[in-house]
Enquirer: 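The structure that follows is given in the form of structure tokens.
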Protein chains: 2
Amino acid sequence: MLTEERHQLIRDQLAADGKVLAGELASRFGVSEDTVRRDLRELAKAGQLRRVYGGAVASAPFAAATLSQRSRHAVEEKTRLARAAVGLLSAGQSLFIDGGTTNEAIARAIPRDMELTIATNSLGVASALVDRPLVELIMLGGRYVPNLGTCVGADTLAAVAQFGADLFFLGSCGLDVARGVTAFDSAEAEVKRAMVKNSAGIAIAVTNDKLATAAPYRVAGADAIRHLVVERTAPAATLADFQSQGAQVHFA
Amino acid sequence: MLTEERHQLIRDQLAADGKVLAGELASRFGVSEDTVRRDLRELAKAGQLRRVYGGAVASAPFAAATLSQRSRHAVEEKTRLARAAVGLLSAGQSLFIDGGTTNEAIARAIPRDMELTIATNSLGVASALVDRPLVELIMLGGRYVPNLGTCVGADTLAAVAQFGADLFFLGSCGLDVARGVTAFDSAEAEVKRAMVKNSAGIAIAVTNDKLATAAPYRVAGADAIRHLVVERTAPAATLADFQSQGAQVHFA
DNA sequence: GCATGTTTTGCCTGATCGTGCAAGAAACAG
DNA sequence: CTGTTTCTTGCACGATCAGGCAAAACATGC
């Protein structure tokens, strides 16, 4: 097995799982742990991952948010949501993809052989898409906000205005039938609103903890949601409310 | 068996498997490993594959390119260059940082306690900076080009025009006293020129292999370079030429 | 046919790189 | 605190590499 091959497999697993274990890689590759450690050290030096005791995790922006803050359960759940969300896509579409860990999972779940045009203001989403040769990637620039992992501001709004999407994967901070989709940050909400305006349809993938909650800044009404991707365990009553507003519900 | 025949078979297997092993090819073709190595070397020179220890892999999609296209030595060398380049900075400055592996190394080398405003069109540079709380990061959006790892195009130019920098870390494809700084790609060169225009000073960090070489598209004249960061082993004659054009030379 | 020059190939040599092993240091868990 | 796991460092061995050299294959011109 080529050294290069191992490096690629490590990158792949990092993109998929967000982490790798030194011992596990060693037995999978049939080499000593020392060799794996050397591989990890090199990749870390090249900035492609962050070394931690026992293995490595994806380098920012995934890692910090994906692994340390969230429970493992949430990661798996989001991956499931992402797989279901990707089912809404068809080749040749153009998309807006918003920031947030769920949307990053969606970006990672996009199949490598699907041709798409994707505009995003999230560095995490963009990073997940860089090695998809069939994806035309438009980065929506602007002032980067570390807490959000996305770009916002006047420059971002100007860039959004130049793009039209068939579908918008909206990252949601709060989702309530009465309040609609809401965000915690004013500038963030502004960008989301611009994306809504330039999209033919809106899709939202959320974990249960976001359902029936609201944040200060309004992005869109509940009736604007076309597709809602939720966990199987989502409360039926809440879902029925959204369906009555015209949303299609998809289970992960 | 014709040389050309072998080359075609190698290309075929690369397209199918993504990798080839020197020893395996030798026994399959019934030639010595040396011959296979020569084949691989030629194909690599023509950019049709990427040579690695033990064989070769399909030439690089971005992720692989960033890291491994370069030898271990190059990574270390670039890290050294980066440390020296960071020495040019002082707190409170605003910077343009261009794409390229050397500039990504510079971004990683920026101290965590330094306050800076940084605009970049490179996803790699941006990713390296996301967890630096004191860095105000401006992402220059646009159409993302996988081969370059940067955003280019009209949107990028518009974003560059809105920013002014004290210093511009220019990624150089070719650097020659007569031809100046040159790039391989037309759109890339255009963005670089816009950054040059909006910067008070230009800094370039290069490994020896870029010195005294040129690419098709001109970015700036040699006299525009204020700081040139080079390896200790850089040829003195070449450096003297740049110094006579007004560049300060810094050794890694 | 024959001589000459070029290209290709295999082998050799010294150098480099990747790997596993061992010892000591460091990080973690109880 | 103690014991365990993981990590780094140094070392040795084998695999792989680039460059030089000479023989063989091939092309070219007379």
Side-chain angles (χ1 to χ4, degrees), chain A residues 1-11 13-14 17-59 63-64 67-68 72, chain B residues 1-11 13-14 17-60 64-65 67-80 101 207-209 231 233:
Chain A
M1 160 167 306
L2 265 40
T3 305
E4 196 52 40
E5 235 177 323
R6 286 197 312 271
H7 287 191
Q8 188 56 50
L9 290 171
I10 293 173
R11 277 191 290 267
Q13 185 176 340
L14 269 176
D17 301 350
K19 64 152 190 180
V20 292
L21 304 177
E24 186 209 322
L25 290 176
S27 65
R28 211 173 93 208
F29 295 156
V31 298
S32 75
E33 294 197 13
D34 302 71
T35 301
V36 170
R37 272 191 273 274
R38 265 183 281 251
D39 288 341
L40 295 178
R41 227 181 303 167
E42 279 185 45
L43 289 169
K45 198 164 191 173
Q48 306 219 334
L49 52 77
R50 197 160 52 83
R51 194 77 170 80
V52 296
Y53 197 86
V57 297
S59 60
L67 268 145
S68 41
R72 181 188 186 88
Chain B
M1 164 171 299
L2 267 47
T3 305
E4 197 47 46
E5 219 176 337
R6 286 197 311 272
H7 286 195
Q8 189 53 49
L9 290 171
I10 292 172
R11 276 190 289 264
Q13 185 177 341
L14 267 177
D17 300 351
K19 65 147 191 178
V20 292
L21 305 176
E24 187 210 323
L25 290 176
S27 65
R28 213 174 89 207
F29 295 156
V31 298
S32 74
E33 294 198 14
D34 302 72
T35 301
V36 170
R37 269 192 275 275
R38 266 184 279 252
D39 289 341
L40 295 178
R41 226 181 300 171
E42 279 184 45
L43 289 168
K45 199 167 190 173
Q48 312 209 358
L49 52 77
R50 192 161 52 85
R51 192 75 169 80
V52 297
Y53 196 86
V57 297
S59 82
L67 127 100
S68 31
Q69 173 175 72
R70 314 297 182 178
S71 72
R72 184 199 196 97
H73 167 262
V75 171
E76 285 173 6
E77 191 53 59
K78 281 172 189 191
T79 308
R80 258 197 300 279
T101 50
T207 47
N208 288 345
D209 57 326
E231 307 180 38
T233 55

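Small disclaimer: the values here were computed from a predicted structure and weren't measured. First the proteins, then the strands, lettered A, B, ... as listed; each starts at 1. What's counted below: heavy atoms across the whole structure, side chains too, no hydrogens, waters or symmetry copies.
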Enquirer: Can you work out whether B:Arg6 or A:Asp39 has the more 5'-proximal nearest nucleotide on DNA chain C?
Expert: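 Here B:Arg6 is the residue nearer the 5' end.
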Enquirer: Counting only distance, no hydrogens or angles, is the base of C:dG10 paired donor-acceptor with the side chain of B:Arg38 under 3.5 Å?
Expert: yes
Enquirer: Expressed as a whole number of angstroms, how long is the span from A:Met1:CE to D:dA15:P?
Expert: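 The distance from CE of A:Met1 to P of D:dA15 comes to 18 Å, rounded to the nearest Å.
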Enquirer: For a quick check, with a 4.0 angstrom heavy-atom cut-off, what is the B/S/- contact string for nucleotides 24-30 of chain C, read 5' to 3'?
Expert: ---BS--
Enquirer: Check whether any side-chain nitrogen or oxygen of B:Arg41 sits under 4.0 Å from OP1 or OP2 of D:dC17, and answer yes or no.
Expert: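 Looking at the OP1 and OP2 atoms of D:dC17, neither is under 4.0 Å from any side-chain N or O of B:Arg41.
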Enquirer: Is a side-chain donor-acceptor pair under 3.5 Å present for B:Thr101 with B:Lys78?
Expert: yes
Enquirer: Could you grab the distance from atom CG of B:Leu40 to atom CD1 of B:Ile10, nearest 0.5 Å is fine?
Expert: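 Going from CG on B:Leu40 over to CD1 on B:Ile10, the span is 5.0 Å.
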Enquirer: In terms of side-chain geometry, is the basic nitrogen of B:Glu42 or B:Arg38 positioned less than 4.0 Å from the acidic oxygen of its partner?
Expert: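 Salt bridge: no.
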Enquirer: Could you state the atom-to-atom distance from CG of A:Asp34 to C1' of D:dT9 in whole Å?
Expert: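 Distance, rounded to whole Å: 11 Å.
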Enquirer: Just so I know, are the side chains of A:His7 and A:Asp39 near enough to count as touching, which here means a heavy-atom distance under 4.5 Å?
Expert: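 SC-SC contact between A:His7 and A:Asp39 confirmed.
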Enquirer: Tell me every residue that passes salt bridge (Lys or Arg N to Asp or Glu O under 4.0 Å) with B:Glu4, counting only those two or more places apart in sequence or in another chain.
Expert: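 B:Arg11.
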Enquirer: Between C:dT9 atom C1' and B:His7 atom NE2, what is the distance in whole Å?
Expert: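 That distance rounds to 13 Å.
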Enquirer: Atom CD of B:Glu4 to atom C1' of D:dC26: distance rounded to whole Å?
Expert: 17 Å
Enquirer: If you assign each of B:Glu33 and A:Arg51 to its closest nucleotide in DNA chain D, which residue comes earlier from the 5' end?
Expert: A:Arg51
Enquirer: So, do A:Arg6 and A:Leu9 sit near enough that their side-chain heavy atoms are less than 4.5 Å apart?
Expert: no
Enquirer: Answer with base, sugar-phosphate or nothing: what part of the nucleic acid does A:Val36 contact at a heavy-atom distance below 4.0 Å?
Expert: nothing
Enquirer: Rounded to the nearest angstrom, tell me the gap between atom NZ in B:Lys45 and atom C1' in D:dG19.
Expert: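 In whole Å, D:dG19 C1' lies 13 Å from B:Lys45 NZ.
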Enquirer: Name every donor-acceptor pair, under 3.5 Å, that has one atom in a side chain of residues 23-31 of chain B and the other anywhere in the protein, sequence neighbours excluded.
Expert:
from    : atom 1 : to      : atom 2 : distance (Å)
B:Ser27 : OG     : B:Glu24 : O      : 3.0
B:Arg28 : NH1    : B:Gln13 : OE1    : 2.5

Enquirer: Does a nitrogen or oxygen in the side chain of B:Thr3 sit under 4.0 Å from OP1 or OP2 of C:dT9?
Expert: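 So the side-chain polar atoms of B:Thr3 do come within 4.0 Å of the phosphate oxygens OP1 or OP2 of C:dT9, strictly under.
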Enquirer: Would you mind reading off the distance between B:Leu25 atom CG and D:dA15 atom C1', rounded to a whole angstrom?
Expert: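 For the pair B:Leu25 CG and D:dA15 C1', the rounded distance is 16 Å.
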Enquirer: Between P on C:dG20 and CZ on A:Arg37, what's the gap in Å once rounded to a whole number?
Expert: 12 Å
Enquirer: Rounding to a whole Å, what distance do you find between A:Glu5:CD and C:dG18:P?
Expert: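 Value for this atom pair: 15 Å.
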Enquirer: Closer than 4.0 Å, any side-chain N/O of A:Thr35 to the OP1 or OP2 of C:dG20?
Expert: yes
